[in-house]
Undergrad: 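Next up is a structure, given as structure tokens.
Remember, it's a predicted structure, so these values are computed and weren't measured experimentally. Both backbone and side-chain heavy atoms feed into the values below; hydrogens, waters and symmetry mates do not. Quick note: residue numbers are just sequence positions, from 1.
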Amino acid sequence: MISRLFHAWEHRLASTTTDRRVRPFEWGVDWLPLNSTQALPAAASSVETDRERVARYVDSVMRDTRAFFTPPPTSEYAFDGHVLRFPSALVTPHEENNTVTARWFPAPSDSRRGGPRRAVLILPQWNSDAGGHVGLARLLSRFGLSSLRISLPYHDVRMPRELTRADYIVSANVVRTLQVCRQAVLDARRAIAWLAMQGFDQIGILGTSLGSCLAMLTAAHEPLIRAQALNHVSPWFADVVWRGLSTRHVREGLDGHIDLEGLRQLWRPISPWSYLDQVRDTQTLLVYARYDLTFPVDLSRTLIEEFRRRGLPHQVAVLPCGHYSTGNVPFKFLDGYVLTRFLRRNL
């Protein structure tokens, strides 16, 4: 009975969004390569389909994901005491999206002398507006953790006028989805570099939903991250898109062009499963919601079981709600408490 009630609530909450669009399927070869440090290997044959070309590129990425997810250093940071801006390491066709914006929430004790300085990079959920996770950032600040809340690619101030939703980071365009998620990781690593330049030596990362996936990709490639709090988790990017409540319109665009296994293979570079052994030295919190229809619960449990099987350091928290209802009272307070407690204890 409880499950049915929460599932019905999740459907009602999801239905309040009325601007979802089914966009056409595309392989996205025009996004390939894009600011790539890796040359596309030569074709095996003179007649090559777009799918084969994309698969060849993905194979080359997986041979050296550190090159794929490592940005060149920059000194072009502009900070006014409240907002940090810097150029994205990956230049997209949309000028608005090429400048990263992040809001700064210092802890009252941040100016103390001596002892470790702690900071958290926050990656909000898909389609978060500029106010998303600001309350969580303030909560972290109150408990002694400075935080930098970053705007994801194609979100809020980075969204071009042609969009009303952040469709370009998760879509039926296979390579664009790869590249824009890659952009988010490159942006996160430049933000962490800035935190280190400010003298922070205990750095954590917190991500929710899509932000959770991107946070783990970042932690797997960024040695400065000591702890990661992953809020709603799945081992595979493709499976969430294929089965999730929030991405039914994306699945509709994919149907008839590619199956789940094929999509899972092409989106390996942005799937946490590919990098589990690379977070062996990172303290990890895995949070999932018992009645989640957006990140199906069996996927979350599969990831948790794999952490256990490999002996990776982790903690688990289960929220007694669904995906959308996590943002509602009282569950958002419980979620905030779980995330804050973990980061305070592990930084």
Side-chain angles (χ1 to χ4, degrees), residues 20-70 89-94 97 126 152-154 162-163 165-186 210 213-214 216-217 220-221 234-244 246-276 295-296 299 302-303:
R20 294 186 180 97
R21 289 180 54 188
V22 178
R23 296 185 180 272
F25 175 83
E26 298 177 79
W27 291 110
V29 293
D30 52 325
W31 284 73
L32 175 69
L34 184 67
N35 301 108
S36 179
T37 58
Q38 298 158 308
L40 192 62
S45 120
S46 58
V47 180
E48 183 181 44
T49 66
D50 286 347
R51 178 172 184 154
E52 290 169 339
R53 186 180 178 195
V54 173
R56 191 160 48 86
Y57 176 71
V58 169
D59 287 343
S60 74
V61 167
M62 294 307 297
R63 285 193 287 270
D64 188 2
T65 62
R66 291 204 175 274
F68 189 67
F69 285 123
T70 298
L90 191 148
V91 179
T92 69
H94 304 93
N97 183 51
W126 187 32
L152 297 180
Y154 290 103
E162 66 197 64
L163 297 179
R165 292 172 49 81
D167 283 355
Y168 291 171
I169 195 170
V170 180
S171 74
N173 184 313
V174 175
V175 179
R176 183 175 64 199
T177 299
L178 270 178
Q179 294 287 18
V180 179
C181 287
R182 173 196 182 196
Q183 181 183 32
V185 175
L186 298 176
L210 171 62
C213 172
L214 300 173
M216 181 164 167
L217 303 185
H221 295 89
S234 170
W236 301 290
F237 194 100
D239 292 64
V240 171
V241 171
W242 199 262
R243 296 174 50 196
S246 302
T247 49
R248 289 179 299 181
H249 61 297
V250 181
R251 164 72 186 275
E252 191 172 339
L254 293 165
D255 275 341
H257 301 279
I258 191 169
D259 61 15
L260 174 56
E261 182 56 34
L263 190 63
R264 189 186 287 169
Q265 288 298 312
L266 295 182
W267 280 350
R268 280 176 294 153
I270 54 174
S271 289
W273 188 269
S274 300
Y275 307 106
L276 295 182
F295 274 50
L299 294 177
T302 295
L303 182 64

Undergrad: Please list, chain by chain and in numerical order, all residues satisfying salt bridge (charged side-chain N to carboxylate O under 4.0 Å, His left out) with Arg264, sequence neighbours excluded.
TA: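 With sequence neighbours excluded, Arg264 shows a salt bridge (charged side-chain N to carboxylate O under 4.0 Å, His left out) to Asp239, Glu261, given in chain and number order.
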Undergrad: With Arg20, which residues qualify under side-chain contact (heavy atoms from CB on, under 4.5 Å), at least two apart?
TA: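 Scan of Arg20 (side-chain contact (heavy atoms from CB on, under 4.5 Å), adjacent residues dropped) gives Ala14, Thr17, Arg165, His249, Tyr324.
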Undergrad: Quick check: does any side chain N or O of Thr247 sit under 3.5 Å from a backbone N or O of Val241, one acting as donor and the other as acceptor?
TA: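 Yes, because the side chain of Thr247 sits within donor-acceptor range (under 3.5 Å) of the backbone of Val241.
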Undergrad: Distance check, rounded to the nearest 0.5 Å: Cys181 atom SG versus Leu186 atom CG?
TA: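 Reported value, rounded in 0.5 Å steps: 11.0 Å.
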Undergrad: Tell me, please, which residues at least two apart from Asp255 pass side chain to side chain donor-acceptor pair (under 3.5 Å).
TA: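 Testing Asp255 for side chain to side chain donor-acceptor pair (under 3.5 Å), a comparison that skips the adjacent residues, returns Arg251.
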Undergrad: Given 3.5 Å as the limit, does a donor-acceptor pair link the side chain of Ser271 with the main chain of Ser274, or not?
TA: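 No, Ser271 side chain to Ser274 backbone: no donor-acceptor pair under 3.5 Å.
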Undergrad: Minimum heavy-atom separation for Asn173 and Gly28, please, with both atom names.
TA: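 Closest approach of Asn173 to Gly28, heavy atoms only: OD1-CA, 3.2 Å.
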Undergrad: Phe295: which residues meet the ring pair (Phe, Tyr, Trp, His ring centres under 6.0 Å) condition with it, sequence neighbours left out?
TA: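 Checked Phe295 against ring pair (Phe, Tyr, Trp, His ring centres under 6.0 Å); matches are His323.
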Undergrad: Please enumerate all residues that pass side-chain contact (heavy atoms from CB on, under 4.5 Å) together with Pro269, with sequence neighbours excluded.
TA: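 Pro269: side-chain contact (heavy atoms from CB on, under 4.5 Å) contacts with Val58, Val61, Met62, Phe68, Leu178, Tyr275.
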Undergrad: Do we see a donor-acceptor contact under 3.5 Å between the side chains of Arg176 and Gln179?
TA: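 Arg176 vs Gln179: no donor-acceptor pair found between side chains.
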Undergrad: Just to verify, what does Arg23 make a salt bridge (charged side-chain N to carboxylate O under 4.0 Å, His left out) with, not counting sequence neighbours?
TA: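 Here the qualifying residues are Asp167.
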Undergrad: According to ring pair (Phe, Tyr, Trp, His ring centres under 6.0 Å), who are the partners of Phe237, at least two apart in sequence or on a separate chain?
TA: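 With neighbours one apart ignored, the set is Trp267.
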Undergrad: Would you please name every residue forming a side-chain contact (heavy atoms from CB on, under 4.5 Å) with Pro153, sequence neighbours left out?
TA: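 Asn97, Arg158, Ile169, Val180, Gln183, Ala184, Asp187.
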Undergrad: Can you confirm whether Cys213 sits close enough to Pro272 that some side-chain heavy atom of one is under 4.5 Å from a side-chain heavy atom of the other?
TA: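 Sidechains of Pro272 and Cys213: in contact.
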Undergrad: Would you check, one step at a time, whether the test side chain to side chain contact (heavy atoms under 4.5 Å, CB included) holds for Leu266 with Ile258?
TA: CA-CA 10 Å; Leu266 295 182; Ile258 191 169; 3.9 Å; yes
Undergrad: Between Ser60 (side chain) and Tyr57 (backbone), is there a donor-acceptor pair under 3.5 Å?
TA: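 Checked: pair present.
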Undergrad: Contact between Tyr168 and Glu162 at the side-chain level, heavy atoms closer than 4.5 Å - yes or no?
TA: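 Result yes, sub-4.5 Å side-chain heavy-atom pair found.
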Undergrad: With sequence neighbours left out, write down each residue that passes side chain to side chain donor-acceptor pair (under 3.5 Å) with Tyr154, or none if nothing qualifies.
TA: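 Partners of Tyr154 by the side chain to side chain donor-acceptor pair (under 3.5 Å) criterion, ordered by chain and then number, come out as Thr92, His94.
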Undergrad: Any idea which heavy atoms bring Ser246 and Trp126 closest together, and the distance?
TA: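 Taking Ser246 first and Trp126 second, the nearest heavy atoms are O-CZ3, 3.9 Å.
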Undergrad: Taking ring pair (Phe, Tyr, Trp, His ring centres under 6.0 Å) as the definition, give me every residue that meets it alongside Phe25, ordered by chain and number, with sequence neighbours left out.
TA: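 For Phe25, the residues satisfying ring pair (Phe, Tyr, Trp, His ring centres under 6.0 Å) (neighbours in sequence not counted) are Trp27, His257.
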Undergrad: To the nearest 0.5 angstrom, please state how far the CG atom of Leu276 sits from the CE atom of Met216.
TA: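 Taking CG in Leu276 and CE in Met216, the distance rounds to 4.5 Å.
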Undergrad: State which residues pass salt bridge (charged side-chain N to carboxylate O under 4.0 Å, His left out) with Asp59; sequence neighbours excluded, sorted by chain then number.
TA: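 Scan of Asp59 (salt bridge (charged side-chain N to carboxylate O under 4.0 Å, His left out), adjacent residues dropped) gives Arg268.
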